[in-house]
Amino acid sequence: MRLYEKLQKQTYIIAEMSANHAGSYAHAKELIHAAKEAGADCIKIQTYTPDTLTINCYMKKLILRGNGRQT
C-alpha cells in the first residue's frame with residue numbers, strides 16, 4: 001500500500017529509537033526489527049555527540065530565559 005493510501009485509511013505509526021542504540025549498529029538493527037514486530041511503519045533515529053549537548057561558553061555568568069536566548 002502506498003503511503004498516501006495508508007494515511008487515508010489508518011494511522012501511520014512512527015517508532016522513536018532516540019539514542020537507545022548506544023552507538024551500536026547491531027543494537028539499532030534489533031530495535032528496528034522489534035519496532036516492526038510491534039506494528040511500527042517507520043522509525044525515527046537520533047544520533048548525537050557529547051559536544052553537541054553542551055554550550056561552548058566561557059562567560060562568568062550565563063542566564064537562559066524561556067526562549068533560550070542569552071541575556
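If you read the sequence from its start, that first residue is 1, and numbering goes on from there.
Linking ILVMFWY residues whenever their side-chain heavy atoms come closer than 4.5 Å, directly or via other members, leaves Y25 and M17 in distinct clusters.
By the 4.5 Å heavy-atom criterion applied to side chains, E30 and H27 are counted as neighbours.
Across every non-hydrogen atom of L31 and I43, the tightest pair is O-CD1, 4.3 Å.
The number of heavy atoms from other shown groups lying within 6.0 Å of OH (Y12) is above 12.
Taking CD1 of I13 as the start and NZ of K36 as the end, the distance is 10.0 Å to the nearest 0.5 Å. Once rounded to the nearest 0.5 Å, the distance linking CZ of R2 with NZ of K6 reads 15.0 Å.
With sequence neighbours left out, the side-chain contact (heavy atoms from CB on, under 4.5 Å) criterion links E16 to S18, K44, Q46.
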